[in-house]
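Reading through the structure tokens given below for one structure.
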Amino acid sequence: MSDDLRSLTDLDRIIHEPARLLVVTILSSVVSADFLFLQRETGLTKGNLSAHLSRLEEAGYVKIEKTFKGKLPLTICKLTAAGQKALAKYREQVQNFMRKTS
Amino acid sequence: MDQSYHEIQQRIRHYWFKDGIGEVAVGWLFIALALYFAGHRVVSPAPNVPLYLNLGLFLVLAVGLVLTRKLISVLKMHITYPRTGYVEYYLEASVSLPAKIAIWTLGILFVVLLVAVGRWVGTFQWIPAFLGLIFGVVLFVLQRTASGLMRFNYHAVVSVLLGGGVSLVDGFTAQYSLSWYYGIFGGWLVVWGIGVLARYLRENPLPEGGSDE
């Protein structure tokens, strides 16, 4: 097995989970997004999304801020530099695998 | 979960245009410009007033752009964010002060160039057609790159036809033609925007029990 194929076993399991991968992909396109937007875009329940965000925050991939926009309470989520780097590495590993096996 | 990476990114870019608020706000700015150019016709017999009106264009544009931005921000905060969520895009965060100054400088140079070309050609009657074409191209590019919404192509076609149409009308001064172009096109944008906004509100009622986590 080549190194490229073997690298698939080294995939970042935190990002590899489909719901978290979707959250991280959405956050990679914007400076920040709030909880409601992420919930609508991912189709996850509040509890489920909250659990995934907590996991990403623990890994240092997402920064969560409780704030206000005007009088509206907002839970703002941002992808950190570590999160961007992890997503880029994940995409590279998967693309390498797809190239070698197609 | 089977959407491609780029499809997701494109859908997020489309989100900004989903509620029609941008069209409503820009439409009102165009109507303000229409009133400004109509002012030329009303006060043109008075000496020196057109000169002040020409200088006033920059004031109308500067104040109009600030108010348009504020209107979009307020409407999105009260209408869009509680319903479908808040997003901050890279463009909003990345336009620095030097970049803004550069954009304004280029804008002023562009207007000066238009006036110089008009004087050289001996008529300003072509300006509405030219602006209609410029806005048409901008709207078409916006449709291809950011909004992805077919209605922006309709806006582009209306802009080009309207600009060309008012330029061809005999007996209009350039300012009067511009007033008609901005007025009709601004009204078109406001009506479309309100229609899109009404559908958005129907499809996205306020979430029960608050919008946040």
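As a basis for the values below, the full set of heavy atoms in this structure was taken, side chains included, without hydrogen atoms, waters or symmetry mates. Numbered from 1 within each chain, the chains take letters A, B, ... in sequence-line order.
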Is it the case that the ring center of A:Phe37 lies less than 6.0 angstrom away from the ring center of B:Tyr81?
no
Hey, is B:Glu88 close enough to A:Lys78 for a salt bridge, meaning N to O under 4.0 Å?
no
Among A:Gln39, A:Glu41, A:Arg40, exactly one meets side chain to side chain contact (heavy atoms under 4.5 Å, CB included) together with B:Thr84. Which residue is that?
A:Arg40
May I ask you to check whether over 12 heavy atoms, not counting those of A:His16, lie within 6.0 Å of atom NE2?
no
Can you check side-chain contact (heavy atoms from CB on, under 4.5 Å) on A:Leu36 and B:Tyr86, steps first, answer last?
CA-CA 7 Å; A:Leu36 177 63; B:Tyr86 167 79; over 6 Å; no
Would B:Arg13 and A:Ser29 count as a side-chain contact (heavy atoms from CB on, under 4.5 Å) if you check the C-alpha gap in whole Å, the side-chain angles of each, and the deciding distance to 0.1 Å?
CA-CA 8 Å; B:Arg13 280 200 298 273; A:Ser29 315; over 6 Å; no
Pairwise distance CD1(B:Ile12) to OG(A:Ser28) - rounded to 0.5 angstrom:
7.0 Å
Of the backbone (N, CA, C, O) and the side chain (C-beta and beyond), which part of A:Leu38 lies under 4.5 Å from a heavy atom of chain B, both, or neither?
neither
Value rounded to 0.5 Å, distance of OG1 in A:Thr25 from CD in B:Glu7:
12.0 Å
